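Numbering of ligands and ligand atoms starts at 1, following listing order. In this chain, numbering begins with 1 at the start of the sequence shown. Since the model is a prediction, treat every value here as computed from it, not as a measurement.
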Amino acid sequence: MSAMSALVRVCAVLLPLLLPAAAVKNCHPRCRCEVENFGLFNSFSLTKVDCSGLRLGPGPIPIPLDTAYLDLSSSSIQTLVDSMLTGPGYTTLVGLDLSHNFIAGVSRGAFAGLRYLETLDLSHNNLQGLTSGSFVGLPLTDVDLSHNRIHELRLDVFAIRGHGRPINVDISNNLLTAVIWNPQARPPNLQSLNLAGNQLRTVPQLQGVPLRYLSLDGNPISVVKGNAFVGLSTLVHLSISGLPDLHTIEPQSFSDLRNLQVLDLSNNTNLRSLAPEILSGLESLQELNLSRSGVASLPVDILSYLPSVRSVMLKDNVHCWRRRRQGQFHRQIGTASSREEITCGAMGVAV
Ligand SMILES: *[C@@H]1O[C@H](CO)[C@@H](O)[C@H](O)[C@H]1NC(C)=O
Ligand SMILES: *[C@@H]1O[C@H](CO)[C@@H](O)[C@H](O)[C@H]1NC(C)=O
């Protein structure tokens, strides 16, 4: 290590200690409040409040004005009532961590005031479902509902359809048709949804949600139906791992997922085979994980179904990868055939 880099390291360690800690107004004595300044001349600041581990009463805990991130994890919360997340400081929240509580119920208006909330962590609670409309009007992009007891998730949690005042009445042909529209029901903007470790028996219908990441790991789903992922063309990473009951994936299940790059089907011990038709449509797929599953071989013509694939893990951790086919030359001198193949590791299955 050069003297210069040693000096840089020492400064990096000491500088935060030398700077006076910014006093944060209205910080509850048992929370830790922190203001991060950034931008030219520190003109922007971000307030983070960590009240984790605090046993909360029924009322809202006071937090500084302009709080962006609030951690209320492990706080023994059982029910989220309407008044709990209200007051100064709450309206500016961008991220909220409510994980590792005992939350079994969320009243419909509990999140209503959090109109800038993008990231919500409700993992490791006791939720069986969510009241319709609970998340309406929130600009949520990232929601973690993993490790609850959810057996059904309906899209109307995020947006109410067919609810609200009629704004357009068409009386042509004496046929009264009311087009019902709710001005607050913006379509959800959700990009990441974690539903791992719940009680879902079917893939929830999430058509039209612009998801990029979805996890359904560890749910008691036994069949993935042919239309399960319809309309999820923005999905990049899909994880369906550790489903002890999963035995069938119907053909065309993934046919809309043309932007999917990673598909994790690992640890599904009762999934015994993968028909090629299951893989149709996955034109961007780069990684397929079937390790610890019951699938030991790949369809012979896998590259015609997965033209972008780079790596496949099979049962017993056999690794397969893409390479240019060796020793084949076109008649024209010097131009090697660009045909490629999938080769599997030592214990691999010839394909
Ligand atoms: C495999 O799945 C089982 C059943 O869901 C789960 O208990 C286990 O933790 C998973 N193993 C790994 C390595 O993910
Ligand atoms: C494949 O899945 C196994 C089991 O869930 C996991 O341990 C491994 O990291 C995954 N491999 C890749 C390349 O994602």
Main-chain N/O of [Y] paired to [X] side chain as donor or acceptor, under 3.5 Å:
X      : Y      : answer
Asn125 : Leu145 : no
Asp256 : Val230 : no
Asn219 : Asn198 : yes

Item checked: Every residue of the protein that comes under 4.0 Å of ligand 1, judged on heavy atoms ->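 Gly242, Pro244, Asn267, Arg292.
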
Next item on the list: Measure the shortest side-chain to side-chain distance between Val309 and Ile342 over non-hydrogen atoms and say whether it is less than 4.5 angstrom.
Entry: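 In short, these two side chains touch, coming nearer than 4.5 Å.
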
Checklist line | Numbering as shown, the atoms of ligand 2 that approach Asn289 to under 4.0 Å (heavy-atom distance) | finding: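 By the 4.0 Å cutoff, the relevant atoms are 1 (C), 2 (O), 3 (C), 8 (C), 10 (C), 11 (N), 12 (C), 14 (O).
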
Notebook entry, point to check: Does Glu287 come within less than 4.0 Å of Arg310, counting only side-chain N to carboxylate O?
Noted result: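 Result for this pair is no, no salt bridge flagged.
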
Checklist line | N-O pairing of Glu341 and Arg322 below 4.0 Å | finding: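 Answer for the salt bridge query: no.
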
Next item on the list: On the 0 to 90° scale, with breaks at 30° and 60°, tag the His100-His124 ring pair as parallel, tilted or perpendicular.
Entry: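 If you compare the ring of His100 with that of His124, the planes turn out parallel.
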
Margin query: Counting only nitrogen or oxygen atoms and a 3.5 angstrom limit, does Glu287 reach ligand 2?
Written below: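 N/O-N/O distance below 3.5 Å does not exist for this pair.
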
